[in-house]
Amino acid sequence: MNKIAKKTTSHPQGLSTRAIHGRQKPEPSTGAVIPPIFATSTFVQSSPGVTTGWEYARSQNPTRAAFEASLAELEGGSAGFAFASGLAAEAAILDLLEHGSHIVASDDLYGGTWRLFHRIRAHSANLALTHVDFSDPDAIEAAITPRTALLWVETPSNPLLKLADLSALAALGRKHGILTVADNTFASPAVQRPLQHGFDLVVHSVTKYIGGHSDIIGGAVVVGGDADLQNRVSFIQNATGGILDPFSSFLGLRGIKTLPLRVERHSANALAVAGWLENHPAVERVLYPGLPSHPQHELALRQMQGGGGMVSVFLKATAKQTVKVLESFKIFALAESLGGVESLVGHPVSMSHGSLPAERRAELGITPNLIRLSIGIEDAADLISDLDQALARL
Ligand SMILES: *Cc1c(COP(=O)(O)O)cnc(C)c1O
């Protein structure tokens, strides 16, 4: 063992400690506490094939490896793999499947995931898809066919913040011998850890809570305990090459260190804002898993630590009035994305879910009076006052 390797304690450590120290050690040649940005494409060999363990930076890069190990630690997985974006990570998971496989997926998926499934892999890999309401376990089981190779879930879902029972889904996957994947972008490992419920894989848009500062695009796959699956994802990452660059890996690792702290504030602010909105006369309905009014609040209490930072709101407003509200914010920025320190507001119909066919959006209940808030870590009172002045436009 390296003599400057970190000592470990014997009792299980908490999430905040593990976010900072888990599976990390000082950089061995200098003792630097934080791994540097290894901007190199290759590593010297002392004799042909005799390496330092590092060979070529698509295959492995020390900065990326430190980030991957840290994320795997937080999710409770055996290994992590970082990709150039959340969608690149998702594409790598789809590469695990045989041509012509069938996926059962939640019905209100992130628009980009829907586009990757339906507009790319449906023809390039003959992928077949069935979307069901994942808050209904019977509907999921009924959708499984002999060709089904994957269950793909987002919980909370986007933008309607519906929940799926992670333990029940993992059990269903095991019963039918189907891989289970959870897109944990909305919750982050500070709120829930699907691998601990028995999921095979977790996928992230690192762009969101993990990066946490709206300054990188990145993605990651974390594998549960299956060594064969770990080898296959590792092979795909190297063979298809959609890796995360060292600079973004550095920022991703920096983001993880404050993830539990940030998410605590995101959740507390979101609960305050959601509670306030629920009593506002211009609001038709608030969707937030941390509120007792959420239809699956019980499930939220069972599998989530805090309600997370995302709040969706149906306004008592026409499409035109909703746009006017969206143009009136002073602190909330009208922008795509979520999970950064600053609060954002979005209009799913025209933004995140614009790539969904209109009839599909209507079926799901994604209507023009729906706005989606990514609650940042500012002072809750200031966020509430900004919402108050924007809603006064109605
Ligand atoms: C943003 C997002 C993605 C896609 O990630 P990118 O980093 O933008 O490629 C996937 N799933 C969810 C839930 C997201 O919010």
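We number each residue from 1, following the sequence as shown. Everything numeric in this text was worked out from a predicted model, so none of it was measured.
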Determine whether Lys330 and Asp382 satisfy the following criterion, salt bridge (Lys or Arg N to Asp or Glu O under 4.0 Å), listing intermediate values before the conclusion.
CA-CA 10 Å; Lys330 297 191 161 67; Asp382 293 332; over 6 Å; no

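In summary, the aromatic rings of Tyr209 and His204 are positioned with their centroids too far apart to meet the 6.0 Å limit. Residues His347 and His353 keep their aromatic ring centres 6.0 Å or farther apart. Aromatic pair Trp54/Phe38: centroids not less than 6.0 angstrom apart.
With respect to Ile93, the side chain to side chain contact (heavy atoms under 4.5 Å, CB included) criterion is satisfied by exactly one of Val221, Ile236, Asp183, Leu179: Val221. Exactly one residue among Ile103, Asp200, Val104 makes a side chain to side chain contact (heavy atoms under 4.5 Å, CB included) with Leu151. That residue is Val104.
Using a 4.5 Å heavy-atom cutoff, the side chains of Thr322 and Leu394 are not in contact. At a threshold of 4.5 Å between non-hydrogen side-chain atoms, the residues Ile375 and Phe332 count as touching. Annotation: side chain of Asp388 is in contact with side chain of His280 (closest heavy-atom distance under 4.5 Å). Between Lys316 and Gln321, every side-chain heavy-atom pair lies at or beyond the 4.5 Å cut-off.
In this structure, a donor-acceptor pair under 3.5 Å is absent between the side chains of Ser352 and Glu336. Side-chain contact annotation: Glu141 with His176, donor-acceptor N/O pair under 3.5 Å present. Inspection of the Asn184 and Glu75 side chains reveals an N or O donor paired with an N or O acceptor under 3.5 Å. Defined by atom type and a distance below 3.5 Å, a donor-acceptor pair is missing between the side-chain atoms of Glu73 and Gln13. Between the side chains of Arg302 and Gln296, no donor-acceptor pair is found at a separation under 3.5 Å. If you check the side chains of Ser167 and Gln303, you find no donor sitting under 3.5 Å from an acceptor.
Atom CZ of Arg393 is surrounded by 12 or fewer heavy atoms from other residues, nucleotides or ligands within 6.0 Å.
Hydrophobic clustering, with ILVMFWY side chains joined whenever heavy atoms are under 4.5 angstrom apart, groups Leu253 together with Leu15.
Cation-pi geometry between Lys162 and Tyr288 is not satisfied (NZ or CZ under 6.0 Å from the ring centre, within 45° of the ring normal).
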